[in-house]
Amino acid sequence: MCSIMGYCDSRVTYDAFMEGLGKTVSRGPDDTRVVDTGKGLLGFHRLAIMGLTEKGMQPFSLGKSYVVCNGEIYGFEKIKKALRDKGYTFESDSDCEILLPMYREYGTDMFAMLDAEYALIIYDGETEEYIAARDPIGIRPLYYGYDEKGVIIFASEAKNLVGMTKEIIPFPPGHYYKDGKFISYCDIAAVSEICFDDTETVCRKIHDKLTAGIKKRLVADAKVGFLLSGGLDSSLVCAVAAKESLSPIKTFAIGMSEDAIDLKYAKQVADFIGSDHTEVIITKEDVLENLEHVIELLGTYDITTIRASMGMYLVCKYIHENTDIRVLLTGEISDELFGYKYTDFAPSAEAFQTEAQKRVRELHMYDVLRADRCISVNSLEARVPFGDLDFVKYVMSVDPEKKLNKYGKGKYLLRHAFEKDGILPESILWREKAAFSDAVGHSMVDDLKEFAEDYYSEAQFTELCKKYSFAAPFTKESLLYREIFEKYYPGQAKMVADFWMPNKEWEGCNVNDPSARVLSNYGDSGN
């Protein structure tokens, strides 16, 4: 990961800018550079992943123009060659050096051309204006706000902007900013035409497109590792990567000392694919000691996100402190595409599709945010194969009737797609899903709930909840998280749409806890 920031007016003071930029140095600890465009400041913290030499340092310039980008551009070599043919020269092996030549050639049309996860800010030296953009899913973070003079400020994280702007707003994924407007260039959840491929064709395309998405994310000049929970999604990513790699891949799993569900399954996968596997064991004390820090780094009060982040943050902390790995592949985004436990209750295919579209459009506030912050705060880069643009577009277009759970097993299409490969044990490929926050150990969520119950009396809970009208807390646990959030991000609750919860309008889903454990169909997911 890297960190970017842009203050789009010359009236900003350097010290104030650096104070904001300095809050995310962990995203890019290798080097820092700030450029004065003459119309404001652009700043960059670098985590070197591609083009590791000094020449790969940003901001890149072309004439009077500059760009800063936190991103990974896949297949950039082909674009680079085409730009060379047009007369452009390049000094580094960085994928992001192609951005300014692309902008000069194609203008804002370039954003729809990128196969990338990115957030960027361009200063156009010819027009003396700023342009910003973000990838269609929002895998790379970007926020904005306006100072007291109405000047727009962009930054990688909300914490960069605390104290600089009254309201901090997530930059909408799949949009670019130009001439004071946010313009959509890709709504990845929208489907112009439903795909009615037969089931075997659908599964073959899922297999091939996901495999391609994993393979392209193995390319890095820095060392790559893998988070392995033992669930279907991360296990598939690891199994495909292991098949493609000449040497054993490095996998990491985390669990509570008492009752970690996934450690045993992760080890089964690791043994089967022959990975160099590490188990990280955590305790109740580790969880409670790190709770406030995790909420601060996340910038959310959402219950699901915080619970699931405890294990993810601590395993990434271990990787940062004990290895030389810089890139981590993860299994996020599969659930939004193929369904959760609660989407088994979808009353129709149309309802399933509408829910999937909502979840994909909001990903940047929940699971994607979790992966980014837990990984980047530990000076690592996240890569998310299930977020491959070609893969997501295809799965979203598949006839939702085929994605309903009519098979007695959730995510049937994904499981069946890899059934013939034999790259995972049958027991893993067809294993019921357990929520990551539960699978780290049921006791972890129970410990957090118990801590919150003891922290507030009933009278305190009732009185403190009255302070909040937007996304009002509804349990002592949710109040605890909200109070910590407000300590670091006062008045910024609308950065998150709401609590991530099952769709309460569906029969069987009107619950007051986001864990799949409370659903009637959880079954043997937790075993």
Rounded to the nearest 0.5 angstrom, the CG-CG distance for Leu424 and Leu429 is 6.0 Å

Between Val287 and Met310 the two heavy atoms that sit nearest each other are O-CE, 3.1 Å

So CG of Leu236 and CZ of Arg415: to nearest 0.5 Å the spacing works out to 9.0 Å

Tell me, with the steps shown, if Ile206 and Phe391 meet side-chain contact (heavy atoms from CB on, under 4.5 Å). CA-CA 7 Å; Ile206 286 172; Phe391 178 75; 3.9 Å; yes

Query - Beyond-backbone contact of Val511 with Tyr342, side-chain heavy atoms, under 4.5 angstrom - result: no

- prompt: Does any N or O in the side chain of Lys504 come within less than 3.5 Å of the main-chain N or O of Cys509, such that one atom is a donor and the other an acceptor?
  reply: no

Any donor-acceptor N/O pair, Gln353 side chain to Met396 backbone, under 3.5 Å:
yes

Checking Val280, Ile254, Ile282, Asn378 against Tyr318 for side chain to side chain contact (heavy atoms under 4.5 Å, CB included), the one that qualifies is Val280

Rounded to the nearest 0.5 angstrom, the CG-CD distance for Asp447 and Glu258 is 7.0 Å

query = Do His416 and Tyr407 touch side chain to side chain, with heavy atoms closer than 4.5 Å?
reply = no

Here the side-chain hydrogen bond (donor to acceptor under 3.5 Å, both in side chains) pairs for residues 382-394, sequence neighbours left out, are Glu72-Arg383, Asp197-Tyr394, Lys209-Asp390, Lys216-Asp388, Arg217-Asp388, Glu381-Arg383

- Query: Hey, mind stepping through Glu486 and Tyr468 against side-chain hydrogen bond (donor to acceptor under 3.5 Å, both in side chains) and telling me if it holds?
  - Reply: CA-CA 11 Å; Glu486 293 291 338; Tyr468 306 110; 5.2 Å; no

Q.
With a 6.0 Å cut-off (strictly less than), is the heavy-atom count around CD of Glu200, excluding the residue itself, greater than 12?
A. yes

Using a strict threshold of under 4.0 Å (side-chain N to carboxylate O), is an ion pair present between Asp367 and Arg370?
yes

Output for pair (Leu413 CG, Leu337 CG), nearest 0.5 Å, gives 11.5 Å

Distance-only donor-acceptor pairs under 3.5 Å for side chains of residues 489-500, two or more places apart:
residue, atom, partner, partner atom, Å
Tyr489, OH, Glu296, O, 2.6
Gln492, OE1, Ile168, N, 2.8
Gln492, NE2, Lys166, O, 2.8

Original post:
Under 3.5 Å, side chain of Lys409 to main-chain N/O of Trp430, donor-acceptor pair present?
Top reply: yes

Are any non-hydrogen side-chain atoms of Tyr455 and Leu479 less than 4.5 angstrom apart?
no

pair Lys178-Thr108: side-chain heavy atoms closer than 4.5 Å
yes

Test: Asp454 and Lys476 ion pair at under 4.0 Å: no

So CD1 of Ile273 and CZ of Phe226: to nearest 0.5 Å the spacing works out to 8.5 Å

| said: Side chains of Leu389 and Leu114, heavy atoms from C-beta outward: is any pair under 4.5 Å? | reply: no

Q.
Counting the benzene-type ring for Trp, do Tyr313 and His293 have ring centres under 6.0 Å apart?
A. yes

Residues 137-145 side chain polar contacts: donor-acceptor under 3.5 Å, at least two apart:
residue, atom, partner, partner atom, Å
Arg140, NH1, Asn70, OD1, 2.9
Tyr143, OH, Arg373, NH2, 2.8

Salt bridge (charged side-chain N to carboxylate O under 4.0 Å, His left out) filter on Lys317, not counting sequence neighbours, yields Glu321

- Task: Check whether more than 12 heavy atoms from other residues, nucleotides or ligands sit under 6.0 Å from atom CD of Glu350, and answer yes or no.
- Result: no

Value for CD1 (Ile295) from OH (Tyr481), rounded to nearest 0.5 Å, stands at 6.5 Å

Residues passing the side chain to side chain donor-acceptor pair (under 3.5 Å) test with Glu401, sequence neighbours excluded, are Lys406

**OP:** Answer whether the closest heavy-atom distance between the side chains of Arg307 and Pro514 falls below 4.5 Å.
**Re:** yes

task: Give the intermediate values and the outcome of salt bridge (charged side-chain N to carboxylate O under 4.0 Å, His left out) for residues Glu355 and Arg359.
output: CA-CA 6 Å; Glu355 189 75 4; Arg359 292 305 183 194; 3.6 Å; yes

* To do: Report yes if some heavy atom in the side chain of Phe418 is under 4.5 Å from a heavy atom in the side chain of Ile423; otherwise report no.
  => yes

All heavy atoms of Ala116 vs all of Tyr118, minimum pair found to be CB-CD2, 3.8 Å

Q. Regarding Asp286 and Thr283, is there a side-chain donor-to-acceptor distance under 3.5 Å anywhere?
A. yes

Practice item. Can you label the angle between the Phe338 ring and the Phe386 ring as parallel, tilted or perpendicular, going by 30° and 60°? Key: perpendicular

task: In plain terms, say whether Glu157 and Arg27 are close enough for a salt bridge, that is, a side-chain N and a carboxylate O under 4.0 Å apart.
output: yes

Only one of Asp513, Ile303, Ile306, Asp302 passes side chain to side chain contact (heavy atoms under 4.5 Å, CB included) with Ser478, and that residue is Ile303

Query raised in the report: Are Lys487 and Glu483 within salt-bridge range, i.e. N to O under 4.0 Å?
Result: no

### Task
For the residue pair Asp335 and Asp233, establish whether any side-chain heavy-atom pair is separated by less than 4.5 Å.
yes

List the steps, then state whether side-chain contact (heavy atoms from CB on, under 4.5 Å) holds for Ile4 with Phe154. CA-CA 8 Å; Ile4 64 174; Phe154 300 105; over 6 Å; no

Residue set satisfying ring-ring contact (aromatic ring centres under 6.0 Å, His included) with His175, at least two apart, ordered chain then number -> none

